[in-house]
Amino acid sequence: MQPKNLKRLLQALARQGLDVSYNNKTYSIRLSNTSDAPVAEVLLPQGFPVEAKALKQLANLANVRHPAGGCVCRAYATPDFHPGDGGIAIGSVIETIGQVIPSAVGSDINCGMRLHVANLTIDQFLAKRNQFVERMKGDYFFGTRDVTMNARTMHALFQYGVPGWVDAMLDEPTGSFVKSDLNELLAEGDLIFLNGSMEGDWKLAPEELVPENGLVRDGGLATIGSGNHFVEIQRVERVENRALAHEWGIKEGQIAFMIHSGSRNVGKYIGGMWRDKAKASWEKGLKYPDSHIFPLSVHSHPELVTQYLQAEATAANYGFVNRLLLAELLRLRLREVYGDVEAPLVYDLPHNITLREGAGWVTRKGACPAYEGQPVIIPGSMGTPSYLVVGKGNPAFCASASHGAGRVLSRFDLTRKGASQSEEALGLTGVDCITLREERRIEEAPAAYKPIQPVIDVQVQADMVGVVARLSPVLTFKG
DNA sequence: ATGTGC
C-alpha cells in the first residue's frame with residue numbers, strides 16, 4: 001500500500017472507532033478498540049491493496065461475543081483477504097471459545113481445493129484437447145454425468161463423507177462406478193483432509209438436517225458451481241522443493257488438474273438456515289449486535305451448537321464427495337480420450353470450515369488450514385499460476401494460509417465495466433476458458449485478482465508455508 | 001457462495 005493511501009485508510013478506520021496501527025517491519029496491521037491487545041491482525045505484502053471495508057468486517061468479527069458467554073480469542077486475516085457479502089471478510093481466521101458463529105462460515109461450507117497429477121505431457125494433452133473438451137462440457141454443463149445415487153448412498157455420503165459413500169457404493173455400485181475404482185478411492189482416502197469425513201456425535205439423522213428436495217440433495221453433485229469455482233488443467237511449471245515434490249508424486253512438465261468447488265446447494269441451504277437460527281435464538285429484549293453477526297453460545301444453547309456443527313459437517317461431507325466426483329469424471333474422460341492415464345490424487349483440502357482445534361474452534365472463511373507438513377493448494381486465476389505449498393503449522397497465524405490471490409475487483413465491477421474492456425486489459429490474452437456464460441469469463445478474468453506472487457512470498461517470509469511447486473493454467477472450465 | 005441480483 002502506498003503510504004498516502006495507507007494514511008487515508010487508517011484515518012477512515014479511526015473515524016469508525018478503530019484504532020489501527022501499521023507495523024512497517026512485519027507489514028501487519030493491528031486493529032484495536034481499546035488500549036489492550038489488538039483484536040485482529042493482518043499479514044500484508046508491502047504496498048499491497050487492502051479495503052477499509054474488509055478491515056472493518058474483520059474487526060466486527062473479532063468483537064463477536066455472546067452475552068451468555070463465549071469469545072473470539074484470536075482473529076487474523078490472510079494476505080488475500082477482501083470484503084465478503086455476508087458481512088464477513090473472505091480470508092478471516094478466528095479461534096472461538098464457548099461459541100460458534102454460523103455466518104462466519106456462511107453458505108459455501110467446505111469450499112475447497114483438490115489437486116491431481118497425470119502422467120501426460122502438455123503436448124500429448126493438447127493433441128486431443130478438443131475431443132477432451134467436448135466430453136467434459138457434456139459432464140459439467142449439460143448433465144450427461146452419471147452420478148446415480150440411491151437413498152442409502154446419499155445417507156452414507158451425508159453422515160460419513162468419502163469413506164461412508166465409498167463403502168455404500170462398494171456394497172451396491174451404481175452408474176458407471178466399478179469396484180476396482182472404488183477400492184482405489186478408499187486407498188487414497190488419507191490424501192483428503194480429515195479423510196474426507198467430518199464425523200460427529202450424531203443426534204440427528206442427516207435427513208433432518210438436509211431438506212428432501214432433490215435439487216438440493218443430489219442436483220449439485222459433480223457440478224462445478226459458479227463464482228470463483230473452476231476445474232482446470234494445469235502444467236507443473238516448476239518444482240521448488242524436490243524432496244517433497246518427489247514424496248507427493250509431482251514432476252516438472254507433467255499435466256495436473258485442480259478442482260475448486262464446494263457443497264453447492266446443500267451448503268447454501270444449511271448456511272442460510274443456521275444464520276437465521278442463530279439470530280432467532282437471540283433472547284427477546286436483548287439488543288442485537290451492531291455488526292449483525294450472531295453467535296451461538298454453548299452456555300445458553302448447547303443443543304443448537306451441536307446441531308449446527310452436525311449440519312455444517314453434513315454439508316462438508318457433501319463438499320468432499322462433490323470434489324471427488326468432479327475428479328472421477330475427469331479421470332474417466334482422460335482415460336477415454338488418452339488411453340490408460342494414471343491420475344493420482346495429490347491432496348484435497350477445505351478452506352471454508354469450522355474445526356475443533358485446541359480448547360475451542362477455528363473457523364476459516366476463505367483460508368486454508370496449514371498444519372505442519374500438510375499440502376496446501378493455493379489457486380491463482382485462469383491466467384496466473386497456482387501454488388502447491390507445504391504448511392508450517394505456524395501458531396502465530398493459527399496454522400493457516402491464504403486460499404488464493406484475493407479479489408481486487410468485485411464481480412459487479414466486472415459485469416458492469418468488464419464487457420467494454422479489451423481482452424488484454426482483462427488479462428485474458430492467451431487464456432483458454434470453457435464456459436457456457438461469457439459473463440463468467442469476464443467476472444473471473446485475471447484482472448479481477450490481486451497478484452499472487454507477493455501473497456505467496458509474504459507467507460513464505462512469515463514461515464506460514466513453503467513453496468513445493470508452481471502450476472500454470474492450460475485450460476479452465478468455469479460453471 | 002447461490003440456476004444470484006438493487
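Residue numbers start from 1 in every chain, and the chains themselves are labelled A, B, ... in the order their sequence lines are given, proteins ahead of strands.
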A/R437 side chain near B/dG3 phosphate (N/O to OP1/OP2, under 4.0 Å)
no
Aromatic ring centroids of A/F294 and A/W274 under 6.0 Å?
no
Round to the nearest Å and state the distance from A/E444 atom CD to B/dA1 atom C1'.
11 Å
Aromatic ring proximity, centroids under 6.0 angstrom, A/F158 and A/Y318:
yes
Using OP1 and OP2 only, check whether a side-chain N or O of A/N352 sits under 4.0 Å from B/dA1.
no
What is the distance, to the nearest angstrom, from the CG atom on A/D108 to the P atom on B/dT2?
6 Å
Name all pairs fulfilling the side chain to side chain donor-acceptor pair (under 3.5 Å) condition that reach into residues 387-401 of chain A, sequence neighbours left out, sorted by first residue then second.
A/R364-A/S400, A/Y387-A/Q453, A/K392-A/D463
Enumerate the salt bridge (Lys or Arg N to Asp or Glu O under 4.0 Å) contacts for residues 263-281 of chain A, please, sequence neighbours excluded, ordered by first and then second residue.
none
Examine B/dT2: is either OP1 or OP2 under 4.0 Å from a nitrogen or oxygen in the side chain of A/H229? Give yes or no.
yes
Just jot down the side-chain hydrogen bond (donor to acceptor under 3.5 Å, both in side chains) partners of A/E188, sequence neighbours excluded, or say none.
A/R331
For the side chain of A/R440, starting at C-beta, report the closest nucleotide among B/dC6, B/dT4, B/dT2.
B/dT4
Separation of A/N228 atom CG from B/dT4 atom P, in whole Å?
17 Å
Compare the minimum distances between each of B/dT2, B/dA1, B/dT4 and the side chain of A/R411, then state the nucleotide with the smallest one.
B/dA1
In whole angstrom, give the distance that lies between atom CG of A/N110 and atom P of B/dT2.
13 Å
Provide the full list of side chain to side chain donor-acceptor pair (under 3.5 Å) pairs with a residue in residues 91-103 of chain A, sequence neighbours left out, each pair given once.
A/R74-A/E95
Donor-acceptor pair under 3.5 Å, A/R264 side chain vs B/dT4 base:
no
Using whole Å, report how far NZ of A/K478 lies from P of B/dG3.
14 Å
Residues touching DNA chain B, which here means a heavy atom under 4.0 Å, drawn from residues 78-91 of chain A:
A/D85
A/E439 atom CD is separated from B/dT2 atom C1', nearest whole Å, by 14 Å
Distance test, side-chain N/O of A/S107 to OP1/OP2 of B/dT2, below 4.0 Å
no
Quickly work out the A/R407 CZ to B/dA1 C1' distance and round it to whole Å.
12 Å
Take atom CD1 of A/I353 and atom P of B/dA1, then tell me their distance rounded to the nearest Å.
16 Å
Sequence neighbours excluded, the answer for side-chain hydrogen bond (donor to acceptor under 3.5 Å, both in side chains) partners of A/Q374 is none
